[in-house]
Amino acid sequence: MDTMDVNKMIAAILVAGIAYTVAGMIGRSVVHEEPLKQPAIKIEGMPAAAPAPEAAKPAGPHVPPIAALLASADPAEGQKIVQKDCSICHTFNKGGEPKVGPNLYGIVGAKRAHESGFNYSEGLAKLGGTWTYENLNEWIDDPHAVVPDTRMAFAGIKNDKQRADVIAYLRTLSDHPEPLPSPTAAETKAQPAQTAAAAPAPAAETAKPAGPEIPAIEPYLANADVAVGKQKVESLCGICHSFNKGGAPKIGPNLYDIVNAKRAHEAGFAYSEGLAKLGGTWTYENLNHWIYDPRAVVPDTKMIFPGIKNTKERADVIAYLRTLSDHPAPLPAASGAAAK
Ligand code: HEC
Ligand code: HEC
């Protein structure tokens with residue numbers, strides 16, 4: 001072997017070495033190095049590695065168990081909190097579109113990272129298991145403590161009662177709500193009365209009677225004050241609705257030209273199932289009922305609004321809504337004579 005061959009050999013070895021190193025560098029920069037959950041090579045007869053504990057982190061000691069609290073939780077309060085704290089990022093109706101976060105219909109008992117196609121954080125995607133009352137309790141208390149890289153940018157609800165209310169509400173968002181957890185023996189001893197309270201599911205929704213007689217709006221519309229209506233609408237409804245032509249929806253849909261519009265009129269808006277299914281159009285009379293008490297019309301409505309009980313005020317509001325149109329609907333026939 002002459003020196004030329006030796007040089008070639010050395011060169012070949014060097015090139016191969018460099019290529020190997022570079023390939024390794026590229027490989028490492030493309031593929032994140034992560035500790036393997038299980039040994040890459042299984043050796044027969046060796047004890048299998050214990051499955052990774054579902055959350056390395058123990059439940060924060062400050063998060064008390066939720067079972068006892070759930071027994072006395074108020075889903076209606078929970079709904080208010082959810083509207084305020086969660087609905088900016090989540091939809092809650094069946095089949096609703098994801099927003100910044102996934103849709104949460106049926107989340108109690110669902111598997112974690114349940115929405116296929118949603119871009120979950122790696123941590124949540126890998127967590128596994130299902131959403132139980134207990135781990136929802138921890139999650140809503142502090143999502144980052146459960147999944148450090150979570151994409152849910154939410155500080156958490158620290159008030160135990162409020163968390164219980166939220167979970168009690170989430171529970172109702174289901175075709176078949178999960179049974180409430182039975183408080184543990186110790187808790188049952190401490191609060192025997194609450195076990196009974198846990199039994200009746202909050203299915204009272206349907207039990208709601210028609211409610212008090214709501215006076216017909218027609219006679220009032222003739223003398224309604226549009227300017228007063230405008231003030232009312234701005235102060236009472238403006239936080240959730242826009243009223244200008246082509247205005248973007250807020251928490252509620254845009255309401256330009258709502259008189260005689262079909263119900264659930266705004267395409268793409270995540271209406272409650274109840275309103276979406278209601279059908280028909282918004283007449284003066286059913287706006288009257290809606291504004292008196294939206295929940296009496298649609299029990300699962302997402303419009304969290306107690307209603308305007310004063311008939312003159314409702315008439316003012318409706319009279320103003322009527323003007324928000326390229327072609328305002330005629331006033332009802334009964335008041336035609338009175339109209340100017
Ligand atoms: C700022 C936006 C934001 C807010 C506010 C928010 N979330 Fe989330 N939420 C997300 C995102 C994003 C995810 C996905 C998290 C991930 O991938 O790590 C998520 C995930 C979840 C999950 C897990 C869903 C699944 O499919 O496993 C639950 C449960 C949840 N949120 C409940 C709530 C509740 C209850 C509230 C209000 C108390 C709330 N979130 C407030 C953005 C938000
Ligand atoms: C806290 C937020 C909020 C307030 C306040 C509020 N709304 Fe709503 N509104 C909503 C939401 C959310 C919906 C969708 C309801 C659903 O899907 O069940 C809605 C729906 C409606 C609809 C039906 C629209 C359609 O497309 O069918 C009308 C009409 C309406 N609101 C009128 C009013 C009026 C008038 C006021 C004030 C007197 C008011 N709302 C106050 C949130 C609100």
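Order of appearance sets the numbers: ligands from 1, and atoms from 1 within every ligand.
- Taking a cutoff of 4.0 Å between a charged side-chain nitrogen and a carboxylate oxygen, Lys80 and Asp165 do not qualify as a salt bridge.
- Annotation for ligand 1: atoms under 4.0 Å from non-hydrogen atoms of Ala153 are 1 (C).
- Between Tyr120 and ligand 1, a contact under 3.5 Å exists for at least one N or O pair.
- Formation of a donor-acceptor pair under 3.5 Å by the Asn288 side chain with backbone atoms of Ala216 is not found in this model.
- For the pair Lys302 (side chain) and Leu275 (backbone), a donor-acceptor distance under 3.5 Å is absent.
- The number of protein N, O or S atoms lying under 2.8 Å from atom 8 (Fe) of ligand 1 is 2.
- The closest side-chain donor-acceptor pair between Thr91 and Asn103 falls under 3.5 angstrom.
- Closest heavy-atom contact between Met152 and His144: O-NE2, 3.5 Å.
- No donor-acceptor distance shorter than 3.5 angstrom exists from the side chain of Asn260 to the backbone of Thr281, with no hydrogens or angles considered.
- In terms of heavy-atom proximity, Leu321 sits nearest to Phe243 at CD2-CE2, 3.8 Å.
- Counting only distance, with no hydrogens or angles, the side chain of Lys158 and the backbone of Asp141 share a donor-acceptor pair below 3.5 Å.
- Within ligand 1, counting atoms from 1 as listed, the ones closer than 4.0 Å to a heavy atom of Thr150 are 15 (C), 16 (C), 18 (O).
- Taking a 4.0 Å cut-off on heavy atoms, Val147 fails to register as neighbouring ligand 1.
- Ligand 1 places these atoms under 4.0 Å from at least one heavy atom of Ser121: 16 (C), 17 (O), 18 (O).
- Listed by first and then second residue, the ring-ring contact (aromatic ring centres under 6.0 Å, His included) pairs involving residues 92-118 are Phe118-Tyr120 (not counting sequence neighbours).
- A heavy-atom distance below 4.5 Å is found between the side chains of Met303 and Trp290.
- For the pair Asp316 (side chain) and Lys230 (backbone), a donor-acceptor distance under 3.5 Å is absent.
- Annotation: salt bridge (charged side-chain N to carboxylate O under 4.0 Å, His left out) contacts of Lys111 (sequence neighbours excluded): none.
- Counting atoms of ligand 1 from 1 in the listed order, those under 4.0 Å from a heavy atom of Ala113 are 25 (C), 26 (O), 27 (O).
- Near Ile157, the atoms of ligand 1 lying under 4.0 angstrom from a non-hydrogen atom of the residue are 38 (C).
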For ligand 2, output the ligand-protein N/O contacts shorter than 3.5 angstrom; if there are none, return none.
unit_1   : atom_1 : unit_2 : atom_2 : d
ligand 2 : 7 (N)  : His241 : NE2    : 2.7
ligand 2 : 9 (N)  : His241 : NE2    : 2.7
ligand 2 : 17 (O) : Ser272 : N      : 2.7
ligand 2 : 17 (O) : Ser272 : OG     : 3.4
ligand 2 : 18 (O) : Ser272 : OG     : 2.6
ligand 2 : 18 (O) : Thr301 : OG1    : 2.7
ligand 2 : 18 (O) : Lys302 : N      : 3.1
ligand 2 : 26 (O) : His265 : N      : 3.1
ligand 2 : 26 (O) : His265 : ND1    : 2.5
ligand 2 : 26 (O) : Tyr271 : OH     : 2.5
ligand 2 : 27 (O) : Ala264 : N      : 2.7
ligand 2 : 27 (O) : Trp282 : NE1    : 2.7
ligand 2 : 31 (N) : His241 : NE2    : 2.9
ligand 2 : 31 (N) : Trp290 : NE1    : 3.4
ligand 2 : 40 (N) : His241 : NE2    : 2.8

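- Numbered from 1 in the order shown, with element, the atoms of ligand 1 that lie under 4.0 Å from a heavy atom of Arg112 read 27 (O).
- Taking every heavy atom of both residues into account, Asp175 and Lys94 meet most closely at OD2-NZ, 2.6 Å.
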Item to complete: Kindly determine whether Arg322 and Tyr284 satisfy side chain to side chain donor-acceptor pair (under 3.5 Å), including the steps that lead there.
Response: CA-CA 9 Å; Arg322 170 183 174 269; Tyr284 292 117; 3.3 Å; yes
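- Short contacts between ligand 1 and His114, defined as distances under 4.0 Å to a heavy atom of the residue, involve ligand atoms 25 (C), 26 (O), 27 (O).
- Which parts of ligand 1 touch Ile140 is read off a 4.0 Å heavy-atom cut-off, strictly below it: atoms 35 (C).
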